[in-house]
Amino acid sequence: MTAMRLISWLLLLVFMQSEIFAARRFRGGRNPQPRRTPPSPTYRDRGDTTESFPLDFTAVEENMDNFMTQVKNLAQSLYPCSAQKLDYDMKLHFLENTSVTCNDGTPAGYYMKESRGSRRWLIFLEGGWYCFNKDNCDSRYDTMRRLMSSSKWPQTKTGTGILSPLPEENPHWWNANMVFIPYCSSDVWSGASAKTDHSGYAFMGSLIIQEVVKDLLTKGLDNAKVLLLAGSSAGGTGVLLNVDPVAELLEGLGHPGIQVRGLADSGWFLDNKQYRSTDCHDTISCAPMEAIKRGIKYWGSVVPERCRQAHLGEEWNCFFGYRVFPTIKSPVFVVQWLFDEAQLTVDNIHLTGQPVQEGQWRYIQNLGIELRNTLKDVPAMFAPACLSHEVITRNYWIDVQVKGTSLPRALHCWDRSLQDNSRNNKAPPKGCPVHLIDSCPWPHCNPTCPTIRDQFTGQEMNVIQFLMHMGFDVQKMAQQQGMDPSKLLGMLSSGS
């Protein structure tokens, strides 16, 4: 509990005490006052996160002035600590098991911020592409060493988006126990192999997750009610690969009561045909399916057992959301931009500041259609028609909406639906949607999409400017739709 939150609760206790004391003095009178219900904090979408504790005020009833003085002194002593926001940072811990390492053999670890009294835990898997052979891993080590080594990790990290401890930025999960696992295995969180002379690196992504969970059991996770395994990009794919193994690990260690859930952000990649095929030299140029096929051999990857059984000999299928999702038993919420920038990059659609060609424009539109088709049977999802990548740790994650519902609201609705289902009530909460996907067909046709900037000038673009920039022909499209061009422009501006 942060210092300011503690001060708020202390003042609330004082208010409650004064009310009780006044009420007890009035008892026996001709017109006793009715007992009042003390006000509760008004944090949005808090759900069932507040823990209750029995309170006994008899010890201070006869000495109220002294009690008030002590509370004021405590509040004043805590204020400097609160002002510095010392409790807002997650602190670095290295794994107890030192044999589980980053790519270069340095110790793996995690950042953690406790929230005492909360039985909700959020473990976040960082993203950052991957490498799939010695040459491109060497190049990655030279240019992105932070993603392969812990040697220069800072001692603290500040959470943002769904990892933020601030209710205004993170209305539903702000007071959970927060854990951030840095990505230093380059294997989409799937590897389970030590360093060899042939590979030159260790690939232990799946083992890192398992060891972090074991460490956390000694730090309060053993008393958890809910564990949300979240991740973005490669971390989002890592969620799909690891949510069931984490649930199985906890059950095997004697903790079957912990409800394990997944939140996969921007990790629902398609193994589709590239717009223009190129040789497979590095992560960017290589087709997704070919890169994963090479990678899982190099990494010594493990995949969930149910998915492995469904795709024997073709385990690469388990790295693509629409193929692995039907085999997952744990509840998973999928967040996916319909026009994901990383997907377009590996498909060889490079938006470099020049208007796209007509063939590229059609390819981009078809990508949105393909993603919609693969997501139609996912019960809990949030899919805006935006050109972007990653969202749940962005400070604007509360602003994007699909059909009038924000992502934090949709996640809160999902939590409620899971609670209701556990009580054998299959009907979803009224007015609380969890299956949200945009129906408009163009990138950024949703007016709440993140701001787009021209890659050359840095200037912000509105939806119409962006579509023109992309080569969108308003006259031609209006003619095809049988409408006036000005009406089409109005629809685009409003996101209709």
Side-chain angles (χ1 to χ4, degrees), residues 1-13 15-16 38-55 74-75 78-79 81-91 93 110-125 156-181 212-213 216-231 257-263 265 331 333 392-395 397-398 406-419 432:
M1 180 178 294
T2 63
M4 282 303 292
R5 206 178 306 153
L6 180 57
I7 293 169
S8 300
W9 279 109
L10 287 171
L11 294 176
L12 177 61
L13 293 181
F15 177 77
M16 292 169 64
S40 58
T42 56
Y43 298 117
R44 294 174 292 158
D45 288 351
R46 281 193 60 175
D48 63 344
T49 60
T50 304
E51 306 293 335
S52 60
F53 303 92
L55 301 174
L74 178 59
L78 287 173
Y79 176 75
C81 176
S82 168
Q84 295 175 46
K85 299 184 178 181
L86 296 178
D87 291 335
Y88 284 6
D89 286 337
M90 297 179 283
K91 295 176 176 57
H93 302 262
Y110 56 95
Y111 292 85
M112 177 181 173
K113 186 191 77 67
E114 289 184 77
S115 182
R116 297 187 185 279
S118 174
R119 297 180 62 193
R120 304 198 323 155
W121 287 72
L122 194 158
I123 298 178
F124 180 83
L125 307 180
T156 60
K157 189 172 185 66
T158 301
T160 54
I162 200 170
L163 293 172
S164 171
L166 304 175
E168 59 269 26
E169 185 175 344
N170 186 15
H172 187 45
W173 278 88
W174 64 272
N175 73 334
N177 297 278
M178 302 294 189
V179 178
F180 177 100
I181 313 182
V212 169
V213 170
L216 294 177
L217 285 172
T218 67
K219 293 178 168 63
L221 181 63
D222 58 327
N223 192 43
K225 180 180 178 182
V226 174
L227 168 56
L228 180 64
L229 183 66
I258 300 175
Q259 302 169 34
V260 179
R261 305 168 186 171
L263 172 59
D265 166 29
F333 192 106
I392 63 174
T393 58
R394 308 298 195 211
N395 56 11
W397 83 298
I398 62 175
S406 70
L407 177 51
R409 172 66 177 168
L411 289 171
H412 176 50
C413 290
W414 181 54
D415 265 1
R416 285 183 55 191
S417 70
L418 293 174
Q419 292 167 13
C432 213

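In this chain, numbering begins with 1 at the start of the sequence shown. As a basis for the values below, the full set of heavy atoms in this structure was taken, side chains included, without hydrogen atoms, waters or symmetry mates. Keep in mind that what you see is a predicted model, and the values were worked out from it rather than measured.
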Visitor: How about N177 and S115: does a side-chain donor come under 3.5 Å of a side-chain acceptor?
Guide: no
Visitor: Drop me the distance from D265's CG to R394's CZ, to the nearest 0.5 angstrom.
Guide: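 Reported value, rounded in 0.5 Å steps: 8.5 Å.
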Visitor: Roughly how far, to the nearest 0.5 Å, is CG of N175 from CG of N170?
Guide: 9.0 Å
Visitor: Roughly how far apart are E169 CD and W174 CH2, rounded to 0.5 Å?
Guide: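 The distance works out to 13.5 Å.
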Visitor: What do the steps show when you test V179 against W121 for side-chain contact (heavy atoms from CB on, under 4.5 Å), and what is the final call?
Guide: CA-CA 8 Å; V179 178; W121 287 72; 4.2 Å; yes
Visitor: Drop me the distance from T393's OG1 to L163's CG, to the nearest 0.5 angstrom.
Guide: 6.5 Å
Visitor: Give the minimum heavy-atom separation between S118 and A176, together with the two atoms involved.
Guide: OG-CA, 3.8 Å
Visitor: Would you please test L227 and I123 for side-chain contact (heavy atoms from CB on, under 4.5 Å) and show each step?
Guide: CA-CA 7 Å; L227 168 56; I123 298 178; 3.5 Å; yes
Visitor: So R409 and H172, side-chain contact (heavy atoms from CB on, under 4.5 Å) or not? Walk me through it.
Guide: CA-CA 8 Å; R409 172 66 177 168; H172 187 45; over 6 Å; no
Visitor: With side-chain contact (heavy atoms from CB on, under 4.5 Å) as the criterion, how do M90 and M112 come out once you've worked through the C-alpha distance, each side chain's angles and the decisive distance to 0.1 Å?
Guide: CA-CA 5 Å; M90 297 179 283; M112 177 181 173; 5.7 Å; no
Visitor: Should the pair D415-R120 be classified as a salt bridge under the 4.0 Å nitrogen-to-oxygen rule?
Guide: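 Salt bridge flag = yes for R120 with D415.
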Visitor: How about P331 and W414: do any of their side-chain heavy atoms sit closer than 4.5 Å?
Guide: yes
Visitor: I want to check something: taking the side chain as every heavy atom from C-beta on, are K91 and K157 in contact at a cut-off of under 4.5 Å?
Guide: no
Visitor: Nearest 0.5 Å, please: how far is CZ in R119 from CG in L221?
Guide: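 Those atoms lie 11.0 Å apart.
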Visitor: If you compare all heavy atoms of S164 against all heavy atoms of M178, which two are closest, and at what distance to 0.1 Å?
Guide: O-CE, 3.8 Å
Visitor: Work out which heavy atom in N395 is nearest to a heavy atom in I398; give both atom names and the distance.
Guide: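 N395 and I398 have their closest heavy atoms at O-CG1, 4.4 Å.
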Visitor: Quick one: does L229's side chain get under 4.5 Å of L125's, heavy atoms only?
Guide: yes
Visitor: Starting at CZ of R416, measure out to CD of Q419 and round the result to the nearest 0.5 Å.
Guide: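 One finds 8.5 Å between CZ of R416 and CD of Q419.
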Visitor: What's the shortest heavy-atom distance between I392 and A230, and which atoms?
Guide: CD1-CB, 4.2 Å
Visitor: Looking at every heavy atom in both L407 and F333, which two are closest together, and how far apart are they?
Guide: CD1-CE2, 3.9 Å
Visitor: According to the interplanar angle, ranging from 0 to 90°, do the rings of F124 and F180 count as parallel (below 30°), tilted (30 to 60°) or perpendicular (above 60°)?
Guide: parallel
Visitor: Please give me the minimum heavy-atom distance between Q259 and R261, naming the atom from each residue.
Guide: OE1-NH2, 2.6 Å
Visitor: Hey, does W397 have a side-chain heavy atom less than 4.5 Å from the side chain of I162?
Guide: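 They are in contact (side-chain heavy atoms under 4.5 Å apart), so the answer is yes.
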